[in-house]
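Presented below is the structure to which this report refers.
As the structure is a computational prediction, the values presented were derived from the model and not from experiment. So you know, we letter chains A, B, ... as the sequences are listed, proteins then strands, and number each from 1.
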Number of protein chains: 2
Amino acid sequence: MRAFSHPGPETFLLERVLHALSDPVRLGIVRQLAREGEASCGALDGGRPKSSVSHHFRVLREAGLVWTRSDGVTHMNALRRAELDRRFPGLLAAIVDTEALSSGPC
Amino acid sequence: MRAFSHPGPETFLLERVLHALSDPVRLGIVRQLAREGEASCGALDGGRPKSSVSHHFRVLREAGLVWTRSDGVTHMNALRRAELDRRFPGLLAAIVDTEALSSGPC
DNA sequence: TCGATAGTTCTATACTGATCGAACGATGGC
DNA sequence: GCCATCGTTCGATCAGTATAGAACTATCGA
């Protein structure tokens with residue numbers, strides 16, 4: 001189960017990244033990772049079934065958004081911020097920093 | 001057929017914007033509009049059937065990305081750049097400016 | 001070795017969305 | 001008025017994907 005396949009930055013596809021971020025669950029995960037730096041899958045499941053959460057993490061990984069490492073029995077996930085910033089400058093910042101506007105109690 | 005319903009900036013949803021941009025056809029349209037400022041649907045169809053193109057423009061309109069005005073028998077489309085920049089600062093720039101990287105002949 | 005824990009994979013289901021032909025609606029020129 | 005043009009809407013089809021239960025795998029601790 002160890003050693004996930006993480007795509008190299010040169011194969012990142014903007015369309016794929018945007019699709020991964022267009023799902024509310026995944027957008028929430030990415031934002032929480034942006035705040036907290038690293039977290040296990042369980043800490044980000046929001047009460048959802050494990051299979052659903054696992055699916056979302058796979059999409060995030062395959063888009064290049066998230067890096068997953070095994071730490072004992074848990075999987076720790078982190079944003080691939082540096083690589084994403086190099087590949088798509090300003091994108092992650094623009095998406096993570098609009099939180100107050102787009103999820104605030106209007 | 002005149003007078004499309006364009007959402008107000010306060011109802012823009014980041015998820016919806018990202019989903020609209022995650023389609024290659026629509027991403028291409030948005031990038032071309034960013035370069036050329038305003039264009040008719042026909043000028044952006046890329047040889048696709050009219051019904052398909054119309055569908056994509058509808059998605060772009062409903063996400064708040066594009067403003068469509070009637071000019072005689074044609075429809076002129078433009079990016080709602082100012083409103084988008086106010087609502088999601090830096091987002092459009094990040095997406096439009098990665099063109100060379102993501103569609104270049106690697 | 002046994003059980004508990006954390007996540008993945010498998011499978012099925014239901015929903016969403018992309019595509020496109022055909023019919024329709026609006027506008028302008030003759 | 002009539003026709004051509006531009007684009008929308010309708011309807012059908014097909015692919016992709018979100019969801020979730022169940023079985024499975026890997027790791028750790030007792």
Side-chain angles (χ1 to χ4, degrees), chain A residues 1-7 13-30 32-33 36 38-79, chain B residues 1-7 13-30 32-33 36 38-79:
Chain A
M1 187 189 298
R2 221 199 293 74
F4 291 99
S5 72
H6 294 96
L13 247 179
L14 182 56
E15 290 91 326
R16 194 179 297 269
V17 170
L18 295 176
H19 170 255
L21 290 168
S22 70
D23 181 278
V25 174
R26 293 192 290 261
L27 185 57
I29 290 175
V30 165
Q32 194 164 343
L33 286 177
E36 306 180 1
E38 203 182 31
S40 66
C41 300
L44 298 169
D45 64 8
R48 265 166 270 273
K50 296 204 257 184
S51 54
S52 296
V53 177
S54 186
H55 160 71
H56 286 304
F57 272 103
R58 175 206 275 264
V59 173
L60 289 171
R61 266 195 307 270
E62 291 181 347
L65 279 159
V66 162
W67 186 278
T68 305
R69 66 177 179 88
S70 280
D71 178 21
V73 76
T74 82
H75 291 181
M76 297 301 288
N77 305 278
L79 275 185
Chain B
M1 188 190 299
R2 221 200 293 76
F4 291 98
S5 71
H6 294 96
L13 246 180
L14 183 56
E15 290 92 327
R16 194 179 297 269
V17 170
L18 295 176
H19 171 254
L21 290 168
S22 70
D23 181 278
V25 175
R26 293 192 291 263
L27 186 56
I29 289 174
V30 165
Q32 194 164 345
L33 286 177
E36 307 181 1
E38 204 182 31
S40 68
C41 301
L44 298 168
D45 64 8
R48 265 167 270 272
K50 296 204 256 184
S51 53
S52 297
V53 177
S54 186
H55 161 71
H56 287 304
F57 272 104
R58 176 206 273 265
V59 173
L60 289 171
R61 267 196 306 270
E62 291 180 346
L65 279 159
V66 163
W67 186 279
T68 305
R69 68 179 177 88
S70 280
D71 178 22
V73 77
T74 82
H75 290 179
M76 296 302 288
N77 305 277
L79 275 186

**Prompt:** Start at the 5' end of DNA chain C and walk down; is the nucleotide closest to Val73(A) or to Thr68(A) reached first?
**Reply:** Val73(A)
**Message:** Tell me which pairs pass side chain to side chain donor-acceptor pair (under 3.5 Å) where either residue lies in residues 40-57 of chain B, with sequence neighbours left out.
**Reply:**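 Qualifying pairs: Arg26(B)-His56(B).
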Euclidean distance, atom [atom1] of residue [X] to atom [atom2] of [N] [Å, nearest integer]:
{"X": "His75(A)", "N": "dA26(D)", "atom1": "NE2", "atom2": "P", "value": "11 Å"}
{"X": "Asp23(A)", "N": "dG17(C)", "atom1": "CG", "atom2": "C1'", "value": "14 Å"}
{"X": "Phe4(A)", "N": "dA6(C)", "atom1": "CZ", "atom2": "P", "value": "15 Å"}
{"X": "Asp71(B)", "N": "dA26(C)", "atom1": "CG", "atom2": "C1'", "value": "14 Å"}
{"X": "Leu27(A)", "N": "dA18(D)", "atom1": "CG", "atom2": "P", "value": "13 Å"}
{"X": "Arg69(A)", "N": "dT27(D)", "atom1": "CZ", "atom2": "P", "value": "15 Å"}
{"X": "Asp45(A)", "N": "dA6(C)", "atom1": "CG", "atom2": "C1'", "value": "11 Å"}
{"X": "Leu44(B)", "N": "dG7(D)", "atom1": "CG", "atom2": "P", "value": "9 Å"}

**With sequence neighbours excluded, residues passing side-chain contact (heavy atoms from CB on, under 4.5 Å) with Pro24(A)** =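 side-chain contact (heavy atoms from CB on, under 4.5 Å) check on Pro24(A) returns Glu15(B).
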**Message:** Within residues 52-65 of chain A, which residues have any heavy atom lying less than 4.0 Å from an atom of DNA chain C?
**Reply:**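 Contacts with DNA chain C under 4.0 Å: Ser54(A), Arg58(A), Arg61(A).
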**Side chain Lys50(A) and base dA6(C) donor-acceptor under 3.5 Å** =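 Result: at least one qualifying N/O pair found.
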**Asked** Is a donor-acceptor contact shorter than 3.5 angstrom present between the side chain of Thr74(A) and the base of dA6(C)?
**Response** no
**Message:** Is the distance from the ring center of Phe57(B) to that of His75(B) below 6.0 Å?
**Reply:** no
**Where Val59(B) and Ala20(B) come nearest, the two heavy atoms and their spacing** = CG1-CB, 3.9 Å
Minimum-distance nucleotide (side-chain atoms of [X] versus [options]):
{"X": "Cys41(B)", "options": "dA20(D), dG7(C), dT8(D)", "answer": "dT8(D)"}
{"X": "His19(A)", "options": "dT8(C), dT8(D), dA18(D)", "answer": "dA18(D)"}
{"X": "Ser51(A)", "options": "dA18(D), dT9(D), dG21(D)", "answer": "dG21(D)"}
{"X": "Pro49(A)", "options": "dG21(D), dT8(D), dG7(C)", "answer": "dG21(D)"}
{"X": "Arg48(A)", "options": "dC20(C), dT8(C), dA20(D)", "answer": "dA20(D)"}

**Prompt:** Does dA18(D) have OP1 or OP2 sitting under 4.0 Å from an N or O in the side chain of Arg26(A)?
**Reply:**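 Indeed, a polar side-chain atom of Arg26(A) lies that close.
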**Item:** By side chain to side chain donor-acceptor pair (under 3.5 Å) - contacts of Thr68(B) (at least two apart)
**Value:**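 For Thr68(B) the side chain to side chain donor-acceptor pair (under 3.5 Å) partners, ignoring immediate neighbours, are Arg61(B), Asn77(B).
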**Item:** Arg69(B): side chain to side chain donor-acceptor pair (under 3.5 Å) partners, not counting sequence neighbours
**Value:** Glu38(B)
**Prompt:** Who pairs with Glu62(A) by salt bridge (Lys or Arg N to Asp or Glu O under 4.0 Å), at least two apart in sequence or on another chain?
**Reply:**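 Result, salt bridge (Lys or Arg N to Asp or Glu O under 4.0 Å) vs Glu62(A): Arg58(A).
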